[in-house]
Number of protein chains: 2
Amino acid sequence: MPTKEVCCPVEVTLKIIGGRWKVLIIHHLLNGTMRFNELQRSLTGITHRTLSRQLREMEIHQLIVRNNFNEIPPRVEYSLSPLGHSLKTILLSMDEWGRKYSAVAK
Amino acid sequence: MPTKEVCCPVEVTLKIIGGRWKVLIIHHLLNGTMRFNELQRSLTGITHRTLSRQLREMEIHQLIVRNNFNEIPPRVEYSLSPLGHSLKTILLSMDEWGRKYSAVAK
DNA sequence: CAGTATCCCTTGGGATACTG
DNA sequence: CAGTATCCCAAGGGATACTG
């Protein structure tokens with residue numbers, strides 16, 4: 001497999017929301033706009049370097065909107081785009097299944 | 001982060017179905033029982049070593065049932081457990097979102 | 001406050017050869 | 001047919017220091 005072709009739509013979605021943090025970031029942004037450090041404090045354990053990269057990827061994938069106020073001290077706000085917000089259904093399904101799994105399996 | 005604690009149910013689900021192949025395996029098994037080589041032929045590009053490991057993990061997670069007929073030549077069939085089958089909702093949501101994403105974004 | 005720049009380490013998964 | 005055993009590599013992400 002030289003090129004990792006992704007053919008299936010399910011795979012596309014997994015590519016976009018996969019990884020350690022993205023779903024958590026989306027989860028927090030579902031409640032509204034948040035600033036960078038505010039997000040970092042919510043996502044216990046994430047480094048600002050990682051948060052920075054995750055947010056940029058999600059911005060490129062058009063899931064979130066970055067609003068830089070160009071103030072001193074800096075102020076940048078992140079919010080979900082309509083596309084990002086439309087992931088809510090999947091997140092809810094995953095939340096529900098995760099609870100069931102934790103209750104049923106082991 | 002010495003221990004990668006997973007607190008959120010959404011994260012639990014992502015842990016279980018994340019990775020390159022699991023959703024595809026589930027997708028194929030939704031149509032019914034399949035044998036090992038049959039699965040490998042369907043999942044273009046996967047090596048038997050990787051398929052073997054993915055299936056074992058999914059068996060441990062109780063998503064699939066492994067049925068070894070103890071015949072010569074060997075015959076092993078894999079099918080979804082009820083728990084595994086209950087992921088169908090999520091897969092469908094992800095499929096739908098993936099299609100929309102591919103149509104909308106870029 | 002909101003980031004970049006380096007460096008490093010773990011993990012997922014591929015290639016290939018061998019086995020009951 | 002249905003695997004296991006070795007070996008290897010790239011990518012994700014953590015730790016830390018620095019910056020506008």
Side-chain angles (χ1 to χ4, degrees), chain A residues 1-8 11 14-26 28-29 33-61 63-79, chain B residues 1-8 11 14-26 28-29 33-61 63-79:
Chain A
M1 293 269 95
T3 50
K4 293 186 184 175
E5 298 281 337
V6 174
C7 43
C8 177
E11 286 266 72
L14 200 54
K15 267 286 186 197
I16 302 281
I17 67 171
R20 179 118 167 61
W21 296 108
K22 299 231 175 71
V23 289
L24 290 178
I25 294 174
I26 296 168
H28 280 284
L29 289 182
T33 297
M34 292 180 82
R35 298 180 61 169
F36 187 88
N37 276 4
E38 195 182 358
L39 262 173
Q40 195 189 346
R41 276 188 299 270
S42 305
L43 302 163
T44 340
I46 197 173
T47 62
H48 48 287
R49 180 219 184 232
T50 299
L51 178 56
S52 178
R53 291 167 50 112
Q54 301 293 307
L55 288 172
R56 186 187 307 279
E57 286 176 31
M58 295 170 72
E59 192 191 352
I60 291 172
H61 290 147
L63 302 186
I64 61 177
V65 175
R66 181 176 185 273
N67 194 356
N68 188 343
F69 286 83
N70 286 310
E71 296 176 354
I72 305 285
R75 179 178 164 205
V76 181
E77 290 188 349
Y78 293 92
S79 55
Chain B
M1 294 269 95
T3 51
K4 294 186 183 175
E5 300 280 340
V6 174
C7 43
C8 176
E11 286 267 73
L14 200 54
K15 268 285 186 198
I16 303 282
I17 67 171
R20 179 120 167 60
W21 296 107
K22 299 235 174 70
V23 290
L24 289 179
I25 294 174
I26 296 169
H28 281 283
L29 289 181
T33 297
M34 292 181 83
R35 297 179 62 171
F36 188 87
N37 276 4
E38 194 181 359
L39 262 173
Q40 195 188 348
R41 278 188 298 271
S42 305
L43 303 162
T44 340
I46 197 172
T47 62
H48 46 287
R49 178 213 184 238
T50 299
L51 178 57
S52 178
R53 292 166 51 111
Q54 301 292 307
L55 288 171
R56 186 189 305 282
E57 286 175 30
M58 293 169 73
E59 192 191 352
I60 291 173
H61 291 147
L63 300 187
I64 62 177
V65 176
R66 182 176 184 273
N67 195 356
N68 189 343
F69 287 83
N70 285 310
E71 297 175 354
I72 305 286
R75 179 177 163 205
V76 182
E77 289 187 350
Y78 293 92
S79 55

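Letters go in sequence order (proteins before strands), and every chain restarts at 1. For clarity, every value in this text was computed on a predicted model and none was experimentally measured.
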Got a sec, which residues hit side chain to side chain donor-acceptor pair (under 3.5 Å) with A:Glu38, two or more places apart in sequence or on another chain?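 By the side chain to side chain donor-acceptor pair (under 3.5 Å) rule, A:Glu38 matches no residue at all.
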
Applying side chain to side chain donor-acceptor pair (under 3.5 Å), name anything that partners A:Arg49, two or more places apart in sequence or on another chain.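 Residues passing side chain to side chain donor-acceptor pair (under 3.5 Å) with A:Arg49: none at all.
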
Strictly below 4.0 Å: does [X] bring a side-chain N or O up to OP1 or OP2 of [N]?
X       : N      : value
B:Thr47 : C:dG13 : no
B:Tyr78 : D:dC1  : no
B:Thr50 : C:dG14 : yes
B:Arg66 : D:dG3  : yes
B:Gln54 : C:dG13 : yes
A:Arg35 : C:dC1  : no
A:Arg49 : D:dG14 : no

Nearest to the side chain of B:Phe36, which nucleotide is it out of C:dC1, D:dA2, C:dA2?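 Of the options given, the side chain of B:Phe36 lies nearest D:dA2.
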
Listed by chain and number, what are the salt bridge (Lys or Arg N to Asp or Glu O under 4.0 Å) partners of A:Glu59, not counting sequence neighbours?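 For A:Glu59 there are no salt bridge (Lys or Arg N to Asp or Glu O under 4.0 Å) partners, ignoring immediate neighbours.
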
Salt bridge (Lys or Arg N to Asp or Glu O under 4.0 Å) against B:Arg75, all qualifying residues, sequence neighbours excluded: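 If we apply the salt bridge (Lys or Arg N to Asp or Glu O under 4.0 Å) test to B:Arg75, skipping adjacent residues, the hits are B:Glu71, B:Glu77.
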
How close do B:Leu63 and B:Ile26 get, heavy atom to heavy atom, and via which atoms?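 Shortest heavy-atom contact: CD1-CD1, 4.5 Å.
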
Closest non-hydrogen atom pair between A:Leu14 and B:Ile17, with its separation: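 So the two residues come closest at CD2-O, 3.9 Å.
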
Which stems, defined as runs of 3 or more consecutive Watson-Crick or G-U wobble pairs with both pairing distances under 3.5 Å, involve DNA chain C?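 Ordered by first number, the stems with DNA chain C (at least 3 consecutive pairs each) read C:1-20 with D:1-20.
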
Rounding to a whole Å, what distance do you find between [X]:[atom1] and [N]:[atom2]?
X       : N      : atom1 : atom2 : value
B:Glu77 : D:dA2  : CD    : C1'   : 13 Å
A:Glu59 : C:dA2  : CD    : P     : 15 Å
B:Ile25 : C:dG13 : CD1   : C1'   : 12 Å

Report each atom pair, protein N/O against N/O of nucleotides 18-20 of chain D, whose distance is under 3.5 angstrom.
none

